[in-house]
Amino acid sequence: MKYIDEFNDPALARRLLDEIRATVTGPWALMEVCGGQTHSIIRHGIDQLLPDEVELIHGPGCPVCVTPLDVIDKALEIAARPGVIFCSFGDMLRVPGTDRDLFRVKGEGGDVRVVYSPLDALDLARKNPDREVVFFAIGFETTAPANAMAVHQARRLGVRNFSLLVSHVRVPPAIEAIMTAPACRVQGFLAAGHVCSVMGTDEYPDLADRYRVPIVVTGFEPLDILEGIRRAVHQLERGEHRVENAYARAVRDQGNPAAQRMIEEVFEVTDRNWRGIGPIPASGWRLTEAFRDHDAEHRFDVTGIRTEEPAVCRAGEVLQGLIKPTECEAFGTACTPRTPLGATMVSSEGACAAYYLYRRMTDGPAPRESRVPQEEMNPVG
């Protein structure tokens with residue numbers, strides 16, 4: 001048996017579902033914070049297997065989706081400039097800006113390249129000393145250490161033609177923003193395991209106490225998610241609100257101290273605007289003054305950006321958990337992966353992309369053939 005198969009066992013999934021059904025009196029609304037968890041939930045039909053008393057609300061845990069429109073437009077402006085090699089993960093190339101995306105810039109002659117690591121971009125800068133190489137540094141706490149390491153290495157090696165366009169965001173302030181929103185219905189959270197593997201769980205107990213919500217650190221396989229739901233439901237039924245770690249094979253309470261030190265050396269906390277949500281205080285990182293020479297916004301002085309979201313796109317409401325993708329009138333018609341109106345339709349962690357990919361085109365049950373084959377695991381089978 002492969003190691004991962006242990007977390008894809010249909011019999012264990014049914015047992016967890018039976019325990020949830022036996023426990024719940026509800027109704028309870030839980031938010032999975034991570035877009036990777038959203039895709040797993042929709043792919044395996046987990047939300048459709050849960051008792052009616054348990055609702056899963058999709059959260060803003062897609063880093064591509066929440067990268068603000070003004071930063072996207074700045075990326076497009078920089079990428080179009082002569083002498084620039086603009087590097088990004090592939091997810092960002094189809095994300096729509098106000099009037100184009102990075103694919104369009106590439107088609108119009110911009111040197112836009114997909115890389116698999118910020119260190120790949122740094123290597124390009126060393127090999128092309130006559131070009132300005134910019135890496136699009138987005139993401140939650142998970143990707144911050146590698147991006148910090150790249151700019152740290154650039155300064156150590158004296159690579160002056162390398163910079164980051166930074167749009168990092170932090171999960172705990174987003175949870176606080178969700179809980180203080182007037183329309184909030186969330187009663188518990190499934191926290192993102194990969195974020196906690198870096199940062200640990202120290203920031204979560206205060207949130208759990210202040211807003212009286214259970215926060216369960218959860219992985220991404222079907223059994224991980226079901227176990228996280230089971231623990232959250234148990235807490236809610238008992239009137240408890242604690243932080244629990246259901247992903248102990250990857251997460252320690254203290255996180256990864258070495259990664260945290262690298263982040264603290266290179267980045268500083270700042271307010272950040274989230275696409276579709278708005279400004280959240282202290283919810284992002286930017287380069288510190290010591291590394292400002294490697295800040296692409298500072299280096300290229302991009303100004304005069306005027307942004308405009310499509311009026312019909314309701315991606316912001318999806319990101320806030322206010323609606324499901326199928327409740328947007330443009331979903332699957334005007335907005336598809338080929339003609340996206342919002343980032344949630346093109347990111348590999350976007351909720352709209354998950355619904356479209358796994359043919360969840362209505363609020364009813366997904367087509368049976370869209371579910372994962374039994375041999376690949378499917379508690380829904």
Show every side-chain hydrogen bond (donor to acceptor under 3.5 Å, both in side chains) that has at least one partner inside residues 79-89, sequence neighbours left out.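 Output for this query is empty, none listed.
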So which pairs with a foot in residues 271-282 pass side-chain hydrogen bond (donor to acceptor under 3.5 Å, both in side chains), sequence neighbours left out?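 The answer is Trp274-Ser283, Arg275-Glu309.
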Can you tell whether the side chains of [X] and [Y] come within less than 4.0 Å, N to carboxylate O?
| X | Y | result |
| --- | --- | --- |
| Glu264 | Arg261 | no |
| Lys106 | Asp111 | no |
| Arg100 | Asp73 | no |
| Arg286 | Glu297 | no |
| Arg21 | Glu53 | no |
| Lys127 | Asp123 | yes |

Where do Glu327 and Lys324 land on the salt bridge (charged side-chain N to carboxylate O under 4.0 Å, His left out) test, with the steps shown first? CA-CA 6 Å; Glu327 296 176 71; Lys324 297 292 195 293; 5.7 Å; no
Counting the benzene-type ring for Trp, do [X] and [Y] have ring centres under 6.0 Å apart?
| X | Y | answer |
| --- | --- | --- |
| Tyr355 | His58 | yes |
| Phe86 | Phe136 | yes |
| His194 | Phe220 | yes |

Straight-line distance of [X] [atom1] to [Y] [atom2], nearest 0.5 Å:
| X | Y | atom1 | atom2 | result |
| --- | --- | --- | --- | --- |
| His241 | Leu207 | NE2 | CG | 12.0 Å |
| Tyr358 | Ser40 | OH | OG | 8.0 Å |
| Arg231 | Leu190 | CZ | CG | 11.5 Å |
| Ile46 | Leu226 | CD1 | CG | 4.5 Å |
| Gln260 | Met199 | CD | CE | 5.0 Å |
| Thr98 | Ile72 | OG1 | CD1 | 10.0 Å |

Counting heavy atoms not belonging to Arg299, are there more than 12 under 6.0 Å from its CZ?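 Yes, because the 6.0 Å sphere around CZ of Arg299 holds more than 12 heavy atoms from other groups.
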With a 6.0 Å cut-off (strictly less than), is the heavy-atom count around CZ of Arg104, excluding the residue itself, greater than 12?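 Open.
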Could I get the full list of side-chain contact (heavy atoms from CB on, under 4.5 Å) partners for Gln235, not counting sequence neighbours?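 Applying side-chain contact (heavy atoms from CB on, under 4.5 Å) to Gln235 gives Pro214, Val216, Glu240, Arg242, Glu244.
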Restricting to side-chain contact (heavy atoms from CB on, under 4.5 Å), what partner residues turn up for Arg292, sequence neighbours left out?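 By the side-chain contact (heavy atoms from CB on, under 4.5 Å) rule, Arg292 matches Glu268, Glu289, Asp295, His298.
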Stepwise salt bridge (charged side-chain N to carboxylate O under 4.0 Å, His left out) check, Arg314 with Glu317: CA-CA 5 Å; Arg314 301 179 68 185; Glu317 293 170 82; 2.8 Å; yes
With a 3.5 Å cut-off and no angle check, do the side chains of Glu237 and Thr25 form a donor-acceptor pair?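 On atom types as modelled, these side chains qualify, holding a pair under 3.5 Å.
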Donor + acceptor pair across side chains of Asp91, Ser348 (<3.5 Å):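 Yes.
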Should Glu176 and Tyr211 be marked as a side chain to side chain donor-acceptor pair (under 3.5 Å) after you check the CA-CA gap, both sets of side-chain angles, and the distance that decides it? CA-CA 8 Å; Glu176 184 164 13; Tyr211 299 106; 3.0 Å; yes
Return the orientation label for the Phe267 and Trp285 ring planes: parallel under 30°, perpendicular over 60°, tilted otherwise.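 Parallel.
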Are Tyr247 and Val195 grouped together when hydrophobic residues (ILVMFWY) are joined by side-chain heavy atoms under 4.5 angstrom apart?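 The answer is no; the residues belong to distinct hydrophobic clusters.
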Could I get the full list of disulfide bond (SG atoms under 2.5 Å apart) partners for Cys65, not counting sequence neighbours?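 Partners of Cys65 by the disulfide bond (SG atoms under 2.5 Å apart) criterion, ordered by chain and then number, come out as Cys62.
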With salt bridge (charged side-chain N to carboxylate O under 4.0 Å, His left out) as the criterion, how do Asp224 and Arg249 come out once you've worked through the C-alpha distance, each side chain's angles and the decisive distance to 0.1 Å? CA-CA 11 Å; Asp224 289 324; Arg249 69 182 187 274; 2.8 Å; yes
Are the side chains of Val266 and Arg155 in contact, using a 4.5 Å heavy-atom criterion?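 Heavy-atom side-chain distance check fails, nothing below 4.5 Å.
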Starting from the C-alpha separation in whole Å, work towards a yes-or-no answer on side chain to side chain contact (heavy atoms under 4.5 Å, CB included) for Leu287 and Val166. CA-CA 8 Å; Leu287 290 169; Val166 179; 4.1 Å; yes
Give me the atom names and distance for the closest heavy-atom approach of Arg185 to Ile57.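 Smallest interatomic distance, heavy atoms only, reads NH2-CD1, 3.7 Å.
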Partners meeting ring-ring contact (aromatic ring centres under 6.0 Å, His included) with His234 (sequence neighbours left out):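 Here no residue qualifies.
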